[in-house]
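Quick notes on the structure that follows.
Both backbone and side-chain heavy atoms feed into the values below; hydrogens, waters and symmetry mates do not. Note that the coordinates shown come from a computational prediction; the quantities given were computed from them, not determined experimentally. Sequence lines set the chain letters: A, B, ... in the order given, protein chains first and strands last, and positions in each chain run from 1.
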2 protein chains.
Amino acid sequence: MEFERVGFEAANLRSIAALAGVSAGTVLHHYGDKRELLHAALFDDLEQTLARALAGLGKGSLEEQLSALTRTVFGYYQRRPQLSRTLLKESLFAEEPWAQRFTAQVGRVHGALAQLAQKASERGELRPNVDGALFAVAYFSFFYFALIAWVQGAHGSPMELVDRLVRQHLEGLRPDPKSRRRKS
Amino acid sequence: MEFERVGFEAANLRSIAALAGVSAGTVLHHYGDKRELLHAALFDDLEQTLARALAGLGKGSLEEQLSALTRTVFGYYQRRPQLSRTLLKESLFAEEPWAQRFTAQVGRVHGALAQLAQKASERGELRPNVDGALFAVAYFSFFYFALIAWVQGAHGSPMELVDRLVRQHLEGLRPDPKSRRRKS
């Protein structure tokens, strides 16, 4: 899209309209302004990316499923390195009505992740009665932290960081009465 | 400050200068623009808040120390509800040279938290040889996620959310060979 080619600040409503084969007035009528257009495009892209990510989780362990999810969604941002910082900034701090729409979008993924944790618990990978909803919030925390660090140039291996944080979260840090085997 | 009274978008260099008893030219000479001034003010405020937070951790458990830290730093944002969204957005997505300064500021707290985890491990609260640096990243993930959710109006009890996420992270979700007592 035009945003990816020239960047958010420089994108011109007239050139966006020209690419779409409509008048700038038509674009303005539908989207109000540039930020509205960016939100609409990102929202649709994420809908497709998240649907694809959730469909492609596979039948592995919870850790493997989350690692696949991280890579699919991260991939969306990695394919647009120029734009990712703006996309993330504008969606995390969206104004209404987009704030609620993005919150609802994240909420749907949250529900799917809570279910994944529930199934992992039923398979015996996790304890019985784990708080899957809270675990899903932890996953989002890790994902967004790594994504922000990456777009700000503060971390080179964001996906591996998410994997390691998820693993530590699943394993916990408390001492075990039966001493676990750890590297010493 | 002027930003808190009228909001970031409306703040006027001339009125900021008038409050400070200097000319707008002097302000511009020192800070370049409004965003630069905001970054400088936030950076200094956070230095003081973080120093106070780290000095006031007390001698309780790691969980209690982190809960106190969360409340001190969150308190800074809660006292300026109008401005918090802008502060967070502009600091998380700062441009250079501020991006590196904020990263270094977070890095110093990261080092202090990794040490806290190390000491908790030595006291037997955590396993031996835990990855304290990774744990500190997990804490930041939880803190920023809750803070973003709060400024976006998506979560009403952000500090309790951080406490619960830290607790789940410490306890882990894996089944224990010796079945732990859990509510069923």
Side-chain angles (χ1 to χ4, degrees), chain A residues 62 85-86 88-90 92-96 99-100 102-103 106-107 117 120-121 124-132 134-135 137-146 148-149 151-155 161-162 164-180 182-184, chain B residues 62 85-86 88-90 92-96 99-100 102-103 106-107 117 120-121 124-132 134-135 137-146 148-149 151-155 161-162 164-180 182-184:
Chain A
L62 178 63
R85 193 164 157 278
T86 300
L88 190 61
K89 179 177 176 181
E90 297 299 329
L92 282 179
F93 293 97
E95 310 270 356
E96 297 300 352
Q100 282 198 33
F102 282 115
T103 299
V106 170
S121 174
E125 271 178 53
L126 307 183
R127 283 199 296 270
N129 307 308
V130 291
D131 188 340
L134 188 65
F135 172 71
V137 174
Y139 174 79
F140 281 119
S141 303
F142 301 148
F143 181 86
Y144 281 113
F145 186 87
I148 292 170
V151 301
Q152 288 296 93
H155 204 286
L161 179 62
V162 176
R164 291 172 58 216
L165 287 164
V166 167
R167 188 169 311 128
Q168 190 180 61
H169 194 87
L170 291 173
E171 301 296 334
L173 288 90
R174 295 296 189 198
D176 197 296
K178 281 187 178 176
S179 69
R180 302 181 188 190
R182 310 286 301 173
K183 276 179 282 183
S184 59
Chain B
L62 179 62
R85 194 165 157 278
T86 300
L88 190 61
K89 180 178 176 180
E90 297 300 330
L92 283 178
F93 293 97
E95 310 269 357
E96 297 301 351
Q100 281 198 34
F102 282 115
T103 299
V106 169
S121 174
E125 271 177 52
L126 306 183
R127 282 198 297 269
N129 306 309
V130 291
D131 187 340
L134 188 64
F135 172 71
V137 174
Y139 173 80
F140 282 119
S141 304
F142 301 148
F143 181 85
Y144 281 113
F145 186 87
I148 292 170
V151 301
Q152 287 296 90
H155 205 284
L161 179 63
V162 176
R164 291 172 58 216
L165 287 163
V166 167
R167 189 170 310 128
Q168 190 179 61
H169 194 87
L170 291 173
E171 301 297 333
L173 288 90
R174 294 295 188 198
D176 198 297
K178 282 187 178 173
S179 69
R180 302 181 189 191
R182 308 288 300 175
K183 278 179 282 184
S184 62

Need one label for B/Phe93: side chain, backbone, both or neither, based on atoms under 4.5 Å from any heavy atom in chain A. both
Using non-hydrogen atoms only, which part of B/Ala138 is less than 4.5 Å away from chain A: side chain, backbone, both, or neither? both
Based on non-hydrogen pairs under 4.5 Å, which of B/Val106, B/Leu92, B/Leu161 is most in contact with chain A? B/Leu92
For A/Phe142, is it the side chain, the backbone, both or neither that has a heavy atom under 4.5 Å from a heavy atom of chain B? both
So, does B/Arg174 use its side chain to make a donor-acceptor pair with the main chain of A/Glu125 at under 3.5 Å? yes
Please state whether the side chain, the backbone, both or neither of B/Phe143 comes within less than 4.5 Å of a heavy atom of chain A. neither
Proximal component of B/Glu95, with respect to chain A [non-hydrogen, under 4.5 Å]: both
Please report the interatomic distance CD(A/Gln152) to CD(B/Gln100), rounded to the nearest 0.5 Å. 11.0 Å
According to the interplanar angle, ranging from 0 to 90°, do the rings of B/Phe145 and A/Phe140 count as parallel (below 30°), tilted (30 to 60°) or perpendicular (above 60°)? parallel
Shortest non-hydrogen contact from B/Pro175 to A/Gly124? CG-O, 3.3 Å
Identified side chain to side chain donor-acceptor pair (under 3.5 Å) partner of A/Asp131 from the options B/Gln168, B/Arg167, B/Arg164: B/Arg164
Tell me, for B/Leu62 versus chain A, whether the close heavy atoms (under 4.5 Å) come from the side chain, the backbone, both or neither. neither
